[in-house]
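Single-structure report; data block below.
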Amino acid sequence: MTYEVVIGLETHAELATITKLFCGCSTKFGVDPNTQVCPVCLGMPGVLPVMNKKAFEYAMKAAVALNCKIDEFTNFDRKSYYYPDLPKNYQISQNYHNLGVDGYMDISVNDAVSRIRIHNVHLEEEAGKLIHPEEVGADYSLVDFNRAGVPLLEIVSYPDMRRVDEVESYMQTLRKILLYTEVSDCKMQEGSLRFEASISLRKKGTDKLGNRVEIKNLNSMKSVLKAIEYEAIRQRDVLDRGETVDRETRLWDEVNEKSARMRSKEESQDYRYFPEPDLLPVLIDEKWLRAIKDTIPELPLVRRQRFIESFALSEYDASLLIDEKILADFFEECVKILNRPKAFCNWITNDLLREVKDRKLDIYHLKIKPKQLAALVEIIEKGTISSTIAKEVFSEMIQTGKDPKTVVEEKKLAQISDEGLIEEIIIKIISSNPDAIEDYKKGKKNALTFLVGQVMKETKGKANPKIVNDLLKEKVGI
Amino acid sequence: MKIDKEEIEYIANLSRIRLTEQERELFVHQLSSILSYIEKLNTLDTENVKPMAYTNKVSNVFREDELEPSISLPDVLINAPATKGCFFKVPKVIE
């Protein structure tokens, strides 16, 4: 039997505010446990939450960027459940009037664009972190509430995806949009961006959706894809045996690369949503919405298209550049100074990214500035240095933040274009390599390449290769 | 509206409380009569009335994204029934 896999994703992104959603505690990552908490985020009796305006506006911004409809009225609801990571025994979330609804996001797979609908975008608070001790037989868990109350954006897609490459593109595109709009740092290793997948199978050609299985505990994009592949096969086997797929929640086991059913007690949830009495509703007028819309930058896919059209870059190059907003910005700054898009693109996507990787540099705090890279490209064109030497100069620049001219002077890397000097060296090389001259005269063309190499070696790569070539040919008598 | 014992048990389970047989009996009667009382509201015609969750006309109350001091670790843990180091200690959560 041929089946169609139907996939939807739920995404949680921590918003990039410096304080929590309902209190002034810091959201800083990696500090000592329970040092960023207060009576509000610990759920002490009698405290009142007050909404962080920036968090709300970040959520609006994301909803706009995901093409959602934003109603004039929105409010918050209590979602009740008991779990030790939730100090109030309820989570403040949205259920009846989500901030954004009926949006969409365009994704690109193998250069074909498809549209994934967004069911809703809403704002809620993060839970605390549970730590399970590693000692054998430990009968307790530990709780750190530093994350409790951090603003969390939830983005729920429609089940519009059919293949893992679409899921991958969805995750990458969404991550880029959240980074471009600067609403989240999207650091997956810090839990700032998390995904949950829901998967069902149906016979090809039918419309009715099969029973849906939700998969949690997906710690990386790779896990998401692996878990979906695993689940599609598991469900296919169930259906092929003539059985029905249970509607359930499963947990992904990253080590063993398989999923297991969550305890049924935990999945039969009854959240008893009701409007949060401690928070007032939010009314969004045209003027406010307009102001938020004005802060949305050009989004990744649009920017990629512009790069292809305005700078004659290949799809591949443009994709590499827009992958990180900071790099695309760097590129555009360079082009503004000197109109050599292809050259800058090469420097950024090859040398810069390699140096960043090899030296583990932080691309958000690069020492090299666009005007310095522009100056480097300029002196290569002028012939002050060769393109080989330029790589050495670039490496120094990215490590020290020095201007290219300074590096060239300090390291005495300027290209030798003094014909007299080059001629002297050539004479020396010719007299010490009589065999090569013979070979060349016999018609072995690569003997000349060898001689050029010798001259370059003698000058530590600084001789102007064109002059060397011309003078050599002249000397060996052609 | 009549509530049965299963319903009471379900609510008790959601609330993480254990009830005795006597209490179950008692709550079946009490909750049923409370619901019957509230049910009187259903006799009103609310067809053209919008649901209202807020009686206060105020909206859009915000704070700026500005740091305020958190409380000290001893104060954080002072009411906790069990602690370990700087953590709250809770019964084992089964994964």
Side-chain angles (χ1 to χ4, degrees), chain A residues 17-19 22-26 32-39 41-42 44 50-56 73 75 77 80-85 87 89 96 128 130-133 138-146 217 251 263 265-266 270 272 274-277 279-284 288, chain B residues 1 3-4 6-19 31 34-35 38 41 46 49-95:
Chain A
T17 55
I18 61 162
T19 68
F22 301 121
C23 63
C25 287
S26 170
D32 289 340
N34 294 308
T35 53
Q36 289 175 173
V37 289
C38 75
C41 53
L42 285 174
M44 301 276 189
V50 186
M51 176 86 56
N52 182 333
K53 189 171 188 186
K54 188 164 248 172
F56 189 86
F73 177 94
N75 73 334
D77 300 297
S80 297
Y81 64 92
Y82 296 107
Y83 211 64
D85 62 4
N89 290 332
Y96 299 114
L130 283 167
I131 291 133
H132 308 289
D139 60 347
Y140 61 90
S141 296
L142 300 172
V143 197
D144 171 9
F145 284 117
N146 281 345
N217 198 37
L251 286 180
R263 288 192 312 158
K265 231 180 187 175
E266 282 162 21
D270 183 349
R272 289 153 289 151
F274 67 91
E276 167 60 64
L279 284 171
L280 290 156
V282 181
L283 303 180
I284 300 165
W288 190 15
Chain B
M1 187 179 163
I3 281 199
D4 58 19
E6 277 88 69
E7 192 83 10
I8 295 289
E9 197 43 51
Y10 177 67
I11 298 166
N13 186 40
L14 282 178
S15 314
R16 303 285 192 271
I17 52 172
R18 275 191 209 102
L19 299 177
L31 288 186
I34 289 169
L35 282 176
I38 298 291
L41 290 172
T46 55
V49 181
K50 272 191 185 172
M52 183 181 71
Y54 305 92
T55 52
N56 201 323
K57 285 262 184 257
V58 183
S59 65
N60 299 35
V61 176
F62 291 110
R63 42 173 278 272
E64 295 303 316
D65 186 24
E66 281 162 11
L67 277 177
E68 278 162 49
S70 295
I71 59 177
S72 73
L73 190 61
D75 281 345
V76 169
L77 298 175
I78 199 164
N79 293 314
T83 61
K84 187 174 167 65
C86 40
F87 292 100
F88 291 85
K89 191 175 170 187
V90 297
K92 186 176 181 177
V93 181
I94 298 158
E95 282 274 87

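Residue numbers begin at 1 in each chain, while the letters A, B, ... track the order of the sequences. Quantities reported herein were computed from a predicted structural model and do not represent experimental measurements.
- Neither the backbone nor the side chain of A:Ala55 comes within less than 4.5 Å of any heavy atom in chain B.
- Side-chain atoms of A:Asp77 come within 3.5 Å of backbone N or O of A:Tyr96 as a donor-acceptor pair.
- Minimum heavy-atom separation, A:Pro275 to A:Asn75: CB-ND2, 4.0 Å.
- Of the listed residues (A:Gln36, A:Arg272, A:Glu276), the greatest number of heavy-atom pairs within a distance under 4.5 Å of chain B belongs to A:Arg272.
- The closest side-chain heavy-atom distance from A:Val37 to A:Asn146 is below 4.5 Å.
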Verdict with reasoning, A:Lys53 to B:Glu64, per side-chain contact (heavy atoms from CB on, under 4.5 Å) = CA-CA 6 Å; A:Lys53 189 171 188 186; B:Glu64 295 303 316; 4.2 Å; yes
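- Heavy atoms closer than 4.5 Å to chain B are found in both the backbone and the side chain of A:Asn52.
- With chain B as the partner, the residue from A:Pro133, A:Cys41, A:Pro33 showing the most heavy-atom pairs under 4.5 Å is A:Pro33.
- Interface residue A:Pro281: backbone and side-chain heavy atoms are both found under 4.5 Å from chain B.
- The part of A:Leu279 that comes within reach of chain B is its backbone (N, CA, C, O), which places non-hydrogen atoms under 4.5 angstrom from that chain.
- With chain A as partner, the option from B:Leu67, B:Leu73, B:Leu77 having the largest number of non-hydrogen pairs under 4.5 angstrom is B:Leu67.
- Within the 4.5 angstrom heavy-atom criterion, only side-chain atoms of A:Phe56, from C-beta onward, approach chain B.
- Of the two parts of A:Ile18, the backbone and the side chain both hold a non-hydrogen atom closer than 4.5 Å to a non-hydrogen atom of chain B.
- Using a 4.5 Å cut-off between heavy atoms, A:Cys23 contacts chain B through its backbone alone, with no side-chain atom that close.
- Of the atoms belonging to A:Phe145, it is side-chain heavy atoms, and not backbone ones, that fall under 4.5 Å from chain B.
- Of the listed residues (B:Ser59, B:Pro69, B:Pro51), the one with the most heavy-atom contacts under 4.5 Å to chain A is B:Ser59.
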Considering only distance and modelled atom types, tabulate donor-acceptor pairs under 3.5 Å from the side chains of residues 78-89 of chain B, sequence neighbours left out.
none

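- Among A:Asp85, A:Asn89, A:Ile284, A:Thr17, the residue with the largest count of heavy-atom pairs under 4.5 Å with chain B is A:Thr17.
- Between the side chain of A:Ser141 and the backbone N or O of A:Leu130, no donor-acceptor pair lies under 3.5 Å.
- To the nearest 0.5 angstrom, B:Thr46 atom OG1 is 9.5 Å from B:Leu41 atom CG.
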